[in-house]
Amino acid sequence: MKYEHRIIEPKWRKHWEEKPINQPAEDKPKYYCLDMFPYPSGSGLHVGHWRGYVLSDVWSRYKVLQGYHVLHPMGWDAFGLPAENYAIQKGEHPAVCTAENIRNFKKQLRDISAIYNWDNEVNTTDPDYYRWTQWIFVKMFEAGLAYEKEMPINWCPSCKTGLANEEVKDGGCERCGTEVTKKNLRQWMLKITAYADRLLNDLEKLDWPEKVKKMQADWIGKSFGAEVDFKVDGREQSIRVFTTRPDTLYGATFMVLAPEHTLALELATDQYKAEVEKYIFDTSMRSSVDRMQSKEKTGVFTGSYVLNPFSGEKMPIWLSDYVLIDYGTGAIMCVPAHDERDFEFATKFGLPIKQVIAKDGEVSELTEAYTEAGIMVNSGQFNGMDSEKAKEVISDYVETQKIGQKTVNFKLRDWVFSRQRYWGEPIPIVHCPKCGPVAVPVEELPVRLPDVKSYEPTGTGESPLAAIDDWVNTTCPKCGGHGKRETNTMPQWAGSSWYFLRYPDAGNDQALADPEILKKWLPVDMYVGGIEHAVLHLLYSRFYTKFLFDIGAVSFEEPFTRLFNQGMIGKNGAKMSKSKGNVVSPDELVENYGSDSLRMYELFVGPPELDAEWDDKGIDGVYRFLNKFWNLITENIGKNGQETKESLKLRHQLIYEITERLNTFRMNTIVSSFMEYTNKLTDYAKKEALDQKTMETMLILLAPLAPHIAEELWEQMGHTVSVFENKWPEYDKELMKEDSLNIPIQINGKMRGMISVPADSAKEFVLETAKAEVAARLEGVTLVKEIYVPGKIVNLVIKE
RNA sequence: GCGGAUGUGGCGGAAUUGGCAGACGCACUAGACUCAAAAUCUAGCGGGAAACCAUGUGGGUUCGAGUCCCACCAUCCGCACCA
């Protein structure tokens with residue numbers, strides 16, 4: 001007898017839609033389980049997307065059975081480049097394709113019967129939604145956190161838009177891989193750096209994978225040190241550098257400025273002017289990728305000197321592109337003895353190397369930079385001091401001598417927030433010749449995205465919106481005079497940085513969400529999604545949440561309490577993608593095997609946090625299992641089996657296995673446990689019919705994984721309410737115990753036999769039985785030691 | 001270069017955290033059923049004739065190591081001149 005997934009799955013899908021399993025109740029605690037929402041692409045969902053969605057659905061259903069009222073919503077990250085590019089390619093308006101794609105995605109999502117709260121659906125392109133995306137921007141503008149700046153930014157020549165630093169990977173565009181160039185553009189920036197410390201410090205509160213926390217911490221890149229002024233020889237001017245190693249100040253023998261440094265040209269003496277000019281020009285022509293790849297040091301001497309405030313020595317000033325203009329002060333003091341890069345530079349250009357830290361206080365011939373801590377030498381009054389201590393002492397000294405100050409530096413840069421593309425939220429700003437940039441009053445939001453004839457990117461640094469004169473020209477909200485609308489749009493991240501706040505109160509037209517409702521549901525208890533957003537979406541969302549906390553719009557500072565990153569699914573050794581032609585669509589699998597089988601295979605394919613290889617044959621295994629399971633239960637319904645010691649034991653062992661593995665997110669082993677125990681119970685059922693309670697327990701445990709089959713069998717057992725009305729069963733360790741134990745016997749750590757003894761046997765008895773079992777091997781040897789680990793193993797140590 | 005993760009049969013992977021390595025499944029082999037095939041069922045399935053050898057390699061700790069420690073190799077990921 002085969003189970004008919006084509007009949008029972010639609011039946012229960014319909015049933016759950018009419019009577020949701022996840023009913024609110026006064027006394028139920030809340031649980032907010034969230035998936036990273038997809039952008040609705042034209043190719044639909046593939047089995048890789050399903051993996052995360054199945055995980056979160058299993059988790060949600062488990063939480064329902066544990067008595068929580070679960071919020072498990074879904075929505076659409078529908079603005080942005082992918083949607084727009086797809087629309088351009090199809091020659092349809094993005095709004096049209098997006099709506100169509102959403103319909104398709106929704107149908108697919110329904111097919112796994114994920115218990116999404118569709119009443120709470122959000123769509124970032126809905127004006128009722130992006131009204132609040134714009135509202136947040138206005139609030140940031142009012143707080144001085146959104147500002148305009150003209151500066152060289154990362155520009156993708158293929159996407160024809162500016163990018164945030166976070167969107168550049170290996171010198172290429174995060175979306176399309178095209179090499180990023182620099183372009184001088186007027187930009188809207190968000191001052192995420194104002195939150196650097198909080199974004200860093202609060203990481204420790206989060207139950208997130210260490211890897212993601214570390215990636216964010218490295219991205220924020222906080223380092224402690226000092227800024228120190230070096231007087232230019234023969235001038236009144238001085239140059240400020242940042243260093244994390246004030247302990248090496250005595251060893252600074254030269255200085256290097258970034259070629260873009262404002263003083264670079266000015267410092268060049270007549271003799272060196274031409275060379276300096278050439279170097280500055282050459283550097284400006286090099287691409288960032290080129291600069292990144294060749295680490296061979298280049299540089300040029302300016303002819304000028306600074307004076308080392310500690311040693312008093314004259315230090316030549318050089319220019320080199322290994323010094324970055326946008327970190328620290330764009331100038332460094334060079335200590336070749338104790339910094340690898342400086343050592344390389346000094347060696348190449350024949351600059352002096354002066355050791356000021358030595359391992360044991362003994363100066364030695366350096367063949368490479370000594371970068372570790374040690375004892376101070378050649379450092380005047382600080383000689384003999386531990387260098388770690390000297391960091392502190394010399395920093396203090398710098399401050400008291402008023403030649404600098406202790407400083408903290410971050411790698412994090414402000415967020416380039418404007419995009420020169422059509423399909424995004426208009427930035428709600430009017431440029432007034434008299435008042436400057438003025439925010440559109442919040443009661444006039446949303447600023448709707450107008451229709452436009454050509455929504456293709458212009459590539460000029462202007463967005464397509466700039467071509468719509470009657471939209472661009474407007475009145476200044478402040479003075480009523482003529483003004484022009486901002487024509488840049490927001491990046492895709494704008495809508496996704498706060499969507500999790502909208503779900504619990506998706507229809508609210510008074511605020512982004514009701515504070516009381518937010519208080520109830522937020523923060524998100526479990527957030528499931530891919531690792532690719534480690535420093536993009538996840539950092540931006542944390543920043544938005546902290547800002548909204550500061551203006552009193554929300555009452556918590558971190559949006560996602562727990563994060564789980566599922567691994568990617570690949571095929572033929574590659575990530576699934578349309579271009580590689582290795583995409584496996586779930587639709588056919590649902591049709592042929594049913595959603596229960598697909599769900600279980602998604603779990604069974606491998607440890608959820610690791611990447612996995614899709615095996616087309618693999619789903620056969622879980623399909624066979626579900627058939628076996630079906631047969632086992634249907635054959636035992638109505639047989640009136642009685643509970644036995646054996647069935648009670650197996651039942652409690654099963655509850656234990658499933659519960660513990662669920663709690664630790666070892667989903668692949670849940671499926672194997674289920675298979676194992678189904679095999680055991682099938683053997684058992686050959687002798688003795690399964691009792692009611694055992695069968696019911698099996699169904700409740702299976703329900704989160706394979707809800708349709710569990711629900712159907714539950715009904716066939718005679719129940720009239722859903723299997724999800726049950727409480728998750730509990731196990732009793734006493735009842736799990738075996739009557740007899742199989743104890744392996746080792747001699748000198750090698751397996752030599754096996755005995756079976758009653759579970760409560762005394763040590764002496766076990767050892768005697770064990771020795772009798774391997775008696776032949778004990779003849780003529782000395783027994784040195786007898787080890788018995790209760791219930792586990794016997795090891796006899798002998799000497800020949 | 002720096003940092004992190006991973007490494008177990010033909011394949012995906014288990015191993016109660018130091019105690020029977022290879023659970024569970026895929027693939028494969030043989031048998032049953034069938035005119036035949038599919039499906040299903042039964043049995044087998046790391047290597048070796050065996051003693052034994054096997055968890056990337058080499059050491060170490062331990063009565064006992066896939067698990068702990070040291071060194072190395074390979075693969076993947078992140079960062080990449082951040083002073």
Side-chain angles (χ1 to χ4, degrees), chain A residues 1-2 169-171 209-212 214-216 218-219 221-223 225 241-245 248 252 255-256 258 291-297 320-324 326-335 338-342 344-345 371 409-413 531-532 534-535 568 600-601 604-607 609-625 627-628 631 656-657 660-661 666 668-679 736 742-754 784-798:
Chain A
M1 196 27 209
K2 272 172 95 170
K169 291 244 168 340
D170 290 327
E210 287 307 315
K211 180 180 178 164
V212 177
K214 187 164 186 314
M215 280 169 75
Q216 292 210 355
D218 287 351
W219 189 259
K222 184 177 190 176
S223 54
V241 301
F242 171 69
T243 180
T244 55
R245 295 292 305 273
T248 64
M255 176 177 276
V256 176
R291 224 169 131 166
M292 237 156 61
Q293 275 165 355
S294 66
K295 291 199 175 162
E296 178 70 30
K297 296 276 177 295
S320 175
D321 65 2
Y322 84 92
V323 176
L324 308 172
D326 56 0
Y327 183 77
T329 62
I332 60 169
M333 64 171 208
C334 295
V335 186
H338 305 293
D339 181 279
E340 281 169 31
R341 297 149 302 183
D342 297 347
E344 199 190 324
F345 194 85
T371 56
N409 249 302
F410 292 95
K411 288 191 205 174
L412 185 70
R413 297 277 81 99
I531 187 95
E532 65 272 18
V535 284
M568 244 175 27
M600 288 197 87
Y601 183 60
F604 193 51
V605 72
E609 70 281 8
L610 298 182
D611 290 350
E613 175 79 8
W614 188 264
D615 176 5
D616 287 324
K617 279 284 179 187
I619 196 171
D620 285 320
V622 289
Y623 182 66
R624 282 175 202 141
F625 158 73
N627 272 297
K628 266 187 227 169
N631 290 335
Y656 171 80
E657 292 288 337
E660 291 307 310
R661 286 159 195 259
R666 291 178 297 160
N668 54 325
T669 66
I670 294 178
V671 180
S672 20
S673 275
F674 238 115
M675 289 170 168
E676 192 184 333
Y677 278 88
T678 301
N679 291 343
M736 286 162 50
N742 289 326
I743 304 290
I745 305 158
Q746 295 184 333
I747 294 178
N748 288 351
K750 291 195 190 289
M751 272 293 297
R752 289 299 182 231
M754 179 77 82
V784 184
K785 205 170 172 186
E786 301 172 19
I787 295 157
Y788 173 53
V789 183
K792 301 258 192 205
I793 204 163
V794 169
N795 193 10
L796 304 173
V797 186
I798 61 165

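Since the model is a prediction, treat every value here as computed from it, not as a measurement. A, B, ... follow the sequence lines: proteins, then strands. Residue 1 opens every chain.
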> Using the P atom in both, what is the distance from B:U62 to B:G48, to the nearest Å?
Replying inline: 36 Å

> Distance between the C1' atoms of B:A74 and B:A80, in whole angstroms?
Replying inline: 22 Å

> For A:R666 and B:A15, is the shortest distance between a side-chain N/O and OP1 or OP2 below 4.0 Å?
Replying inline: yes

> Can you tell which of B:A14, B:C20, B:C63 lies closest to the side chain of A:V797?
Replying inline: B:C63

> If only side-chain N and O atoms of A:Y327 are considered, is one of them under 4.0 Å from the OP1 or OP2 phosphate oxygen of B:A83?
Replying inline: yes

>> Are A:I670 and A:S672 packed together at the side-chain level, in the sense that at least one heavy-atom pair is separated by less than 4.5 angstrom?
In response: no

> What is the distance from CD of A:E676 to P of B:G13, rounded to the nearest Å?
Replying inline: 19 Å

>> If you only use heavy atoms from C-beta on, which nucleotide in B:C24, B:A14, B:G19 is closest to the side chain of A:P607?
In response: B:A14

> How long is the line joining CZ of A:R661 and P of B:A14, in whole Å?
Replying inline: 10 Å

>> Once salt bridge (Lys or Arg N to Asp or Glu O under 4.0 Å) is applied, do any residues pair with A:R245, and if so which ones, sequence neighbours excluded?
In response: A:D247

>> Among residues at least two apart in sequence or on other chains, which ones pass ring pair (Phe, Tyr, Trp, His ring centres under 6.0 Å) with A:Y788?
In response: none

> Hey, is B:G31 sitting syn or anti, using the within-90° cutoff around 0?
Replying inline: anti

>> Tell me whether A:N627 contacts the main-chain N or O of A:Y623 through its side chain, where contact means a donor paired with an acceptor under 3.5 Å.
In response: yes

> What's the CZ-P distance between A:F604 and B:A23, to the nearest Å?
Replying inline: 12 Å

>> Tell me every residue that passes salt bridge (Lys or Arg N to Asp or Glu O under 4.0 Å) with A:K222, counting only those two or more places apart in sequence or in another chain.
In response: A:D197

> Hey, which of these two, A:T669 or A:G749, hits RNA chain B nearer its 5' end, going by closest nucleotide?
Replying inline: A:T669

I'd like a list of close polar pairs between nucleotides 26-32 of chain B and the protein, N/O only, cut-off under 3.5 Å.
residue: B:C26; atom: OP1; partner: A:R624; partner atom: NH1; Å: 2.3
residue: B:C26; atom: O2'; partner: A:D615; partner atom: OD2; Å: 3.4

> Which residues satisfy the ring pair (Phe, Tyr, Trp, His ring centres under 6.0 Å) test with A:F345, sequence neighbours excluded?
Replying inline: A:F254, A:W318, A:Y322, A:F349

> How would you list, by chain and number, every residue that makes a salt bridge (Lys or Arg N to Asp or Glu O under 4.0 Å) with A:E340, sequence neighbours excluded?
Replying inline: none

> Sequence neighbours excluded, which residues qualify as salt bridge (Lys or Arg N to Asp or Glu O under 4.0 Å) partners of A:K628?
Replying inline: none

>> What is the separation between atom CE on A:M754 and atom C1' on B:G19, rounded to the nearest whole Å?
In response: 12 Å

> Where does RNA chain B pair, written as one dot-bracket string 5' to 3', with Watson-Crick or G-U pairs under 3.5 Å, ( ) inside the strand, [ ] for crossing pairs and | for another strand?
Replying inline: (((((((..(((......[....))).(((((.......))))).((....))..(((((..]....))))))))))))....

> Can you tell me how far P of B:U62 sits from NZ of A:K785, to the nearest Å?
Replying inline: 10 Å

> Considering only heavy atoms and no angle criterion, is a donor-acceptor pair shorter than 3.5 Å present between the side chain of A:K297 and the base of B:C81?
Replying inline: yes

>> Is there a side-chain contact between A:N679 and the phosphate of B:G25, meaning an N or O under 4.0 Å from OP1 or OP2?
In response: yes

Table of protein N/O atoms under 3.5 Å from nucleotides 76-79 of chain B N/O atoms:
residue: B:C77; atom: O2'; partner: A:K211; partner atom: NZ; Å: 3.3

> Below 4.0 angstrom from OP1 or OP2 of B:A83, is there any side-chain N or O of A:S223?
Replying inline: yes

>> Which residues pass the ring pair (Phe, Tyr, Trp, His ring centres under 6.0 Å) test with A:F604, not counting sequence neighbours?
In response: none

Mind listing the N/O atom pairs, protein and nucleotides 49-54 of chain B, below 3.5 Å?
residue: B:C52; atom: OP1; partner: A:R752; partner atom: NH2; Å: 3.4

> To the nearest angstrom, how far is A:I793 atom CD1 from B:G64 atom P?
Replying inline: 12 Å

> Counting side-chain heavy atoms from C-beta on, which of B:C63, B:A83, B:A14 comes nearest to A:T243?
Replying inline: B:A83

> Can you name the residues that form a ring pair (Phe, Tyr, Trp, His ring centres under 6.0 Å) with A:W614, not counting sequence neighbours?
Replying inline: A:Y601

> Atom CZ of A:F242 and atom P of B:C81: how far apart are they, to the nearest Å?
Replying inline: 16 Å

> Does A:N668 make a side-chain N or O approach to OP1 or OP2 of B:C24 shorter than 4.0 Å?
Replying inline: no

>> Side chain of A:K628 only, heavy atoms from C-beta on: which candidate in B:C81, B:U16, B:C41 is closest?
In response: B:C41

> To the nearest angstrom, how far is A:E210 atom CD from B:G3 atom C1'?
Replying inline: 14 Å

